[in-house]
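Naming: A, B, ... by sequence-line order, numbering from 1 per chain.
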2 protein chains.
Amino acid sequence: MVKKSFGDMHCTLAQALDVIGEWWSMLIVRDFFFGGGVRRFEQLRDGLGISRNILTERLRTLTDAGVIERIPLREGGKRCAYQLTAKGEALMPVMIAMMQWSEEWQCTPEQRFIVVRDRETGEEVAPLELRSADGRAVKMQDLFITAIGPDGERRVTEWPLPISEPDAMQSQGS
Amino acid sequence: MVKKSFGDMHCTLAQALDVIGEWWSMLIVRDFFFGGGVRRFEQLRDGLGISRNILTERLRTLTDAGVIERIPLREGGKRCAYQLTAKGEALMPVMIAMMQWSEEWQCTPEQRFIVVRDRETGEEVAPLELRSADGRAVKMQDLFITAIGPDGERRVTEWPLPISEPDAMQSQGS
DNA sequence: GTATTATAGTTTCATTAAGAGACTAGTTCT
DNA sequence: AGAACTAGTCTCTTAATGAAACTATAATAC
């Protein structure tokens with residue numbers, strides 16, 4: 001078994017998971033948002049209850065991927081802070097999508113720990129919505145998925161696929 | 001060490017990760033979307049290259065969490081298909097947020113594998129945008145985060161936190 | 001009806017990752 | 001200088017992962 005990775009999969013989701021899909025990674029990112037984009041080693045450790053060796057490893061992975069960067073507090077010094085890069089800040093929608101899904105489908109309101117608010121109004125941000133290129137809100141039923149293979153792009157499926165005909169399922173490659 | 005879990009953390013993100021944060025889980029969900037919401041055991045295994053025992057375990061976790069459900073193909077039969085529930089379909093924005101982040105920040109266009117399109121126009125869905133409650137698009141800089149503790153809600157941080165004063169960082173609890 | 005194949009797993013075993021806690025080199029404070 | 005803190009590393013134990021073999025049932029072929 002080599003290093004656990006989806007890196008060689010031909011899929012942008014797999015590539016994303018290779019960076020943020022490991023155990024602890026998204027919680028570390030959350031703690032950065034929580035701290036205004038800047039955290040230090042012990043701060044992360046205390047806040048998350050993660051063990052030092054795992055934290056070390058995750059910080060290295062995130063740094064290598066360019067999600068955070070190491071910032072020495074004194075030049076030449078060993079002590080440092082870690083700071084979200086633009087790439088790391090761009091994970092905000094991912095985090096919010098997860099939290100909103102969780103809030104809607106499996107958590108009670110009391111389990112909420114952080115809330116993201118608009119500075120201008122103080123209101124919480126709106127639920128993320130899928131939109132078409134021309135700005136209409138779209139639902140699952142308004143979408144279809146295409147797959148890109150060596151032979152170009154081809155439509156794969158529409159929903160909902162009726163489950164009534166088991167034979168029809170045999171023919172679907174993956 | 002008990003079963004690896006964030007379940008007892010007081011945080012909706014941790015609760016979400018407890019269900020979809022394990023290795024393979026989101027890729028399994030992707031494969032369901034790819035298959036129109038319906039997949040069978042061997043189909044998932046072949047498509048992902050996951051080993052059977054891990055697939056069995058992930059399907060159980062996802063079923064227990066209500067993300068997918070088991071549908072017998074014949075009544076009383078052992079063979080079944082798995083189908084996304086409404087809770088599972090609601091993961092679409094999470095998946096799209098991850099893919100869009102990956103496409104923008106770390107993948108080449110050639111690494112794309114699936115594309116989600118609007119049925120009406122055939123155009124790809126728009127990038128997810130954070131919006132305020134009254135519908136304005138907002139950026140990171142327009143937001144602040146509050147934390148909910150036993151003592152109610154309190155503002156935590158605004159960005160960007162200047163890194164110039166190391167002493168200022170000592171006072172931030174987490 | 002019987003043989004064959006496919007399906008949806010389970011079991012076993014080897015390898016890798018995670019977690020707890022002790023330890024450490026360099027920094028900062030007193 | 002001495003004490004305390006920071007950001008790790010090291011060691012050891014336990015848990016998760018993966019490959020491959022095995023199994024019970026269901027569907028299909030003969």
- Of the listed nucleotides dG8(D), dC10(D), dA27(D), the one nearest the side chain of R79(B): dA27(D)
- Query: Between R70(B) and dG9(C), does any side-chain N or O lie under 4.0 Å from OP1 or OP2?
  - Reply: yes
- Query: Which of these nucleotides, dT7(C), dT10(C), dG8(D), is closest to any side-chain atom of E42(B)?
  - Reply: dT7(C)
- Hey, does the side chain of R60(A) come within less than 4.0 Å of dA7(D)'s phosphate (OP1/OP2), counting only N and O? no
- Message: Using OP1 and OP2 only, check whether a side-chain N or O of Y82(B) sits under 4.0 Å from dT7(C).
- Response: no
- Task: Rounded to the nearest angstrom, tell me the gap between atom CG in L55(A) and atom P in dG19(C).
- Result: 11 Å
- Are R30(A) and L48(A) close enough, and set up right, to give a side chain to side chain contact (heavy atoms under 4.5 Å, CB included), and what steps lead you there? CA-CA 10 Å; R30(A) 182 209 65 181; L48(A) 296 169; 3.6 Å; yes
- On DNA chain C, more 5' by nearest nucleotide between W23(A) and R52(A) is W23(A)
- Task: Take the protein atom CZ of F6(B) and the nucleotide atom P of dA15(D), then report the distance between them rounded to whole Å.
- Result: 17 Å
- Message: Once hydrogens and angles are ignored, does a donor-acceptor distance under 3.5 Å link the base of dG18(D) to the side chain of N53(B)?
- Response: yes
- Item | Candidates L91(A), L84(A), L27(A), V38(A) - the one meeting side chain to side chain contact (heavy atoms under 4.5 Å, CB included) with F32(A) | L84(A)
- Expressed in angstrom and rounded to an integer, what is the separation of R45(B) atom CZ from dG18(D) atom P? 12 Å
- Of the listed dG8(D), dT10(C), dA18(C), the closest approach to the T56(B) side chain comes from dT10(C)
- Look at the rings of F6(A) and W24(B) and say which category their plane angle falls in: under 30° parallel, 30 to 60° tilted, over 60° perpendicular. perpendicular
- Closest approach of I50(A) and R45(A), non-hydrogen atoms and distance? O-CG, 3.1 Å
- Query: Which listed nucleotide (dG9(C), dT10(C), dA16(D)) is nearest to the side chain of K4(B)?
  - Reply: dA16(D)
- Message: Closest approach to the side chain of I54(B), judged atom by atom: which nucleotide of dA18(C), dG9(C), dT17(D) is it?
- Response: dT17(D)
- Note on the structure: Regarding the side chain of C80(A), the nearest nucleotide among dG8(D), dG19(C), dT9(D) is dG8(D)
- Query: Hey, does the side chain of W24(B) come within less than 4.0 Å of dG18(D)'s phosphate (OP1/OP2), counting only N and O?
  - Reply: yes
- Report the nucleotide, chosen from dT17(D), dA8(C), dT6(D), that has the shortest atom-to-atom distance to any side-chain atom of R40(B). dA8(C)
- Would you please classify the geometry between the F113(A) ring and the F34(A) ring as parallel, tilted or perpendicular, with 30° and 60° separating the classes? parallel
